[in-house]
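Step one of this worksheet: look at the structure below.
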Amino acid sequence: MIAHLKSREALLMGAIIVLVSLVATRFPGFVTPSNLVAVFTDTSPLMILAIGQMVVILTRCIDLSVAANLALTGMVCAMINVAMPDLPVGVILVVSLVMGAFLGAINGILVWKLDIPPIVVTLGTMTIFRGIIFLLTEGKWINAHEMSAHFTAFPRATILGMPILGWFGIVVALIAVVAMARTKLGRSMYAVGGNPHAAVYTGINVGRTQFYAFVISGMLAGLAGYLWIARYAVAYVDIAAGFELEVVAACVIGGVSIAGGAGTIIGTLLGALFLGVVKNALPVVDISPFWQLAISGAAIIIAVAFNAQSGRSKGRVILKSAEHAQ
Amino acid sequence: MQSQKNGSAESSSSTPILQLDQITKTFPGVKALDAVRLSLYPGEVTALIGENGAGKSTVVKTLTGIYQPDGGRILLDGQAIKFDTPQSAADAGVTAIHQETVLFDELTVAENIFIGHAPKTKFGLIDKTAMFDRTAEILDGIGAKIDGRVKLKDLGIASRHLVAIARALSVDARVVIMDEPTAALSQTEIEELYELVDTLKAQGKAILFISHKFDEIFRIADRFTVFRDGQFVGEGEIANVQESDLVQMMVGRAVDQLFPKREADIGETILEVKDYCHPTEFEDINFSLRKGEILGFYGLVGAGRSEFMQSLIGITRPSKGSVEVEGVQQDIRSPAGAIDAGIVYVPEDRGKQGAITDLPIFQNVTLPSLNAISNKGFLQLAEEFKLAREYTERLDLRAASLDTNVGALSGGNQQKVVIAKWLATKPKVIILDEPTKGIDIGSKAAVHDFMSELAAEGLSVIMVSSEIPEILGMSDRVIVMREGRMVAELDGDDMNPETLVRHAVGIASTENVT
């Protein structure tokens with residue numbers, strides 16, 4: 001199974017390379033290192049959110065409120081910046097993480113303690129978060145000239161040729177890889193999604209594990225919120241509207257099982273990158289943005305078909321072992 | 001056994017509607033039915049009797065077209081017939097009311113009764129008027145005062161049962177199979193059911209009645225057929241048989257199978273359970289367990305054994321009672337708490353409650369022991385592999401690699417992974433719930449062998465089992481549960497099949513002298 005997943009990730013990697021090469025034949029400028037770095041950086045918020053989403057899906061839940069969380073936390077960061085222009089970015093980052101985690105914890109508590117289905121909870125909080133932005137701003141925008149220079153410059157500052165925004169994607173991914181493989185919580189998440197009944201007997205608190213998954217997802221959404229607002233230097237109610245679907249799509253394309261219990265960080269990152277490359281490449285080669293939607297959609301269906309396929313072959317293995325037993 | 005074994009069936013005045021003749025059904029590793037026979041007569045109730053695992057459910061599934069037999073014939077009115085699908089059995093007039101009836105909460109009573117065969121108008125739409133009329137007719141016929149237009153979810157359990165029966169009758173059944181129909185009913189509802197059975201008898205239907213309860217069988221059945229371990233043991237008329245004869249036929253064999261019970265030094269008391277009660281599932285459980293002892297829990301399905309064990313490890317909360325481990329009072333509120341207290345539970349349902357099939361062997365084995373292999377919050381992979389290897393080797397688990405996903409292993413090996421997982425927590429008490437259910441003979445022997453070894457090493461074992469040979473062969477002492485209560489604690493010479501079954505089914509032990 002692990003070998004299978006690896007080959008699957010190799011396949012996705014291959015698809016990304018083919019896509020990039022195809023674009024390169026028509027527009028060689030696309031494959032220059034600086035452009036590839038730009039594409040990666042542009043995809044970074046999607047990667048950060050997809051990692052949070054993957055953790056949630058792994059525990060048999062879903063978080064539809066990530067984009068609204070991003071927008072609300074981003075707006076609050078922007079408002080703090082307007083009120084206190086000299087506040088250092090470090091403080092803003094902490095605020096974004098804490099606030100995002102808090103919003104995620106609301107989802108988590110509702111799922112854990114009140115036992116409401118996650119899709120209902122996060123559909124509700126998604127609307128509520130957007131509503132709160134409206135109440136806070138009365139629909140007004142916060143524009144670039146109202147934000148202080150260091151606030152907007154931070155994500156764009158480059159280290160070793162890559163903007164800090166891109167580095168955030170890498171750092172979050174590295175932490176996530178270690179956490180999923182090497183911590184009790186990471187292991188518990190796979191167990192909870194793979195077989196919640198068995199997890200209970202093993203002494204794992206299923207609800208609490210799901211709660212933590214929502215907190216992580218919320219925290220990463222909050223972080224992405226500041227980065228997003230600062231990068232685009234604008235904050236308004238509808239920022240990143242509908243982005244949650246792209247995030248879920250990245251997970252699915254990356255091989256995260258929507259039924260929970262299976263998925264890898266690497267796969268999720270590749271899923272996000274695939275979408276990022278499609279989004280950035282198509283305009284370059286002068287293909288209508290409508291094709292972008294169609295290609296993303298097709299990729300989702302192919303990925304899910306793949307999942308179903310691997311589920312089927314698993315059934316055959318069971319039969320074989322049954323024959324064996326006889 | 002007795003003389004009524006053969007003979008009497010032929011002397012019957014009527015001929016059977018439905019007969020099973022030399023029916024055999026094999027599953028991987030298990031012969032569920034071995035050349036069994038069964039005859040159902042019009043206007044008579046035949047009770048099918050046997051302990052858990054005797055093959056009763058397999059017979060029901062064969063009669064209703066869910067399983068196809070590997071050998072033998074099914075005869076309908078003396079003609080051989082094949083039930084290839086549930087539909088073909090229904091077409092032949094065979095209908096079953098199952099233990100857990102399959103009904104739809106959000107549909108009306110009438111829709112539930114006629115789902116799949118609703119009367120149609122000439123446009124091919126469902127003829128609601130006809131459907132409600134027929135429903136009222138059928139419900140009247142069985143004396144049920146239920147409105148066909150209410151939704152099923154608004155009915156109580158007993159009424160639902162009547163709906164299930166009405167559904168069975170809506171297809172012009174000639175043969176009605178009732179699989180433990182009284183399991184969920186109260187005493188007055190049971191009386192109503194008896195009247196219903198009498199009505200069906202009067203209509204000339206052949207009824208197969210499956211029940212564990214002897215009072216019921218003697219109240220309602222005309223004939224009996226006894227199975228044991230998938231084999232036909234005997235049949236006859238209820239009027240000519242004693243309860244004790246039936247018990248004899250059910251358990252029959254001497255306990256001579258190979259159970260490698262080793263002599264273990266039984267030491268001081270490890271676990272003490274006092275006045276343990278649950279509001280709805282069991283009450284007054286009192287027992288102690290000593291070091292190196294194997295304590296068997298016997299009872300029929302639904303006696304409350306697993307429910308008690310699940311409460312003991314903190315899945316459900318008791319209403320009162322105390323638990324002491326090595327003399328220290330324990331307040332176990334969660335499975336994690338039970339593991340800390342040294343009590344682990346290997347659940348019955350391996351697939352659902354045991355292994356996590358998407359994770360590799362080593363991660364399954366170490367799952368309850370993650371604290372022990374963590375250092376500053378990080379799992380130490382080298383230690384994790386060491387622990388997993390130690391316990392899988394101890395259980396003689398053969399797999400290509402510890403990286404193999406548990407889903408790819410055979411049933412017996414999955415069971416070994418689950419047991420290894422619990423042993424790795426270094427428990428004091430291990431509860432094994434039906435440890436050999438559904439695994440092949442070879443793996444069974446290995447599990448028994450291993451259980452003895454654990455006891456010999458000083459681990460205390462509680463074994464919940466419905467298999468009499470296993471219970472008697474492996475246990476030092478047996479507790480029998482019936483309907484949520486401890487009804488007997490047996491050791492020494494009292495540990496024999498007859499006594500065990502008497503207590504489990506609730507026959508007064510007056511006729512103990514045989």
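Contact count versus chain A (heavy atoms, under 4.5 Å) is highest, among B:G314, B:A336, B:G337, for B:A336.
Aromatic ring orientation, B:F308 versus B:Y276: perpendicular (interplanar angle above 60°, classes split at 30° and 60°).
Under the 3.5 Å distance criterion, the side-chain polar atoms of B:Y391 are left unmatched by any main-chain donor or acceptor of B:V417. For A:R182 (side chain) and B:L381 (main-chain N/O), no donor-acceptor pair under 3.5 Å exists by modelled atom type. Judged by distance alone, the side chain of B:N364 and the main-chain N or O of B:I356 form a donor-acceptor pair under 3.5 Å.
For A:I204, the part lying near chain B is the side chain, with the backbone staying farther off; criterion is any non-hydrogen pair under 4.5 Å. For a residue to count as touching a neighbouring chain, one of its non-hydrogen atoms must lie under 4.5 Å from one of that chain's; by this rule B:I339 touches chain A with the side chain only. Neither the backbone nor the side chain of B:S369 comes within contact range of chain A; no heavy atoms are under 4.5 Å apart.
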Quiz: residues 48-58 of chain A side-chain donor-acceptor pairs under 3.5 angstrom, not counting sequence neighbours:
{"unit_1": "A:Q53", "atom_1": "OE1", "unit_2": "A:D63", "atom_2": "N", "d": "2.9"}
{"unit_1": "A:Q53", "atom_1": "NE2", "unit_2": "A:D63", "atom_2": "O", "d": "2.8"}

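B:S374 pairs by the side chain to side chain contact (heavy atoms under 4.5 Å, CB included) definition with B:L379, not counting sequence neighbours. Residues satisfying the side chain to side chain donor-acceptor pair (under 3.5 Å) criterion with A:T73, sequence neighbours excluded, are A:N69.
Within residues 168-181 of chain A, the residues having any heavy atom closer than 4.5 Å to a heavy atom of chain B are A:V178, A:A181, listed by residue number.
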* To do: Kindly determine whether B:K421 and A:T202 satisfy side-chain contact (heavy atoms from CB on, under 4.5 Å), including the steps that lead there.
  => CA-CA 9 Å; B:K421 162 170 99 170; A:T202 313; 3.4 Å; yes
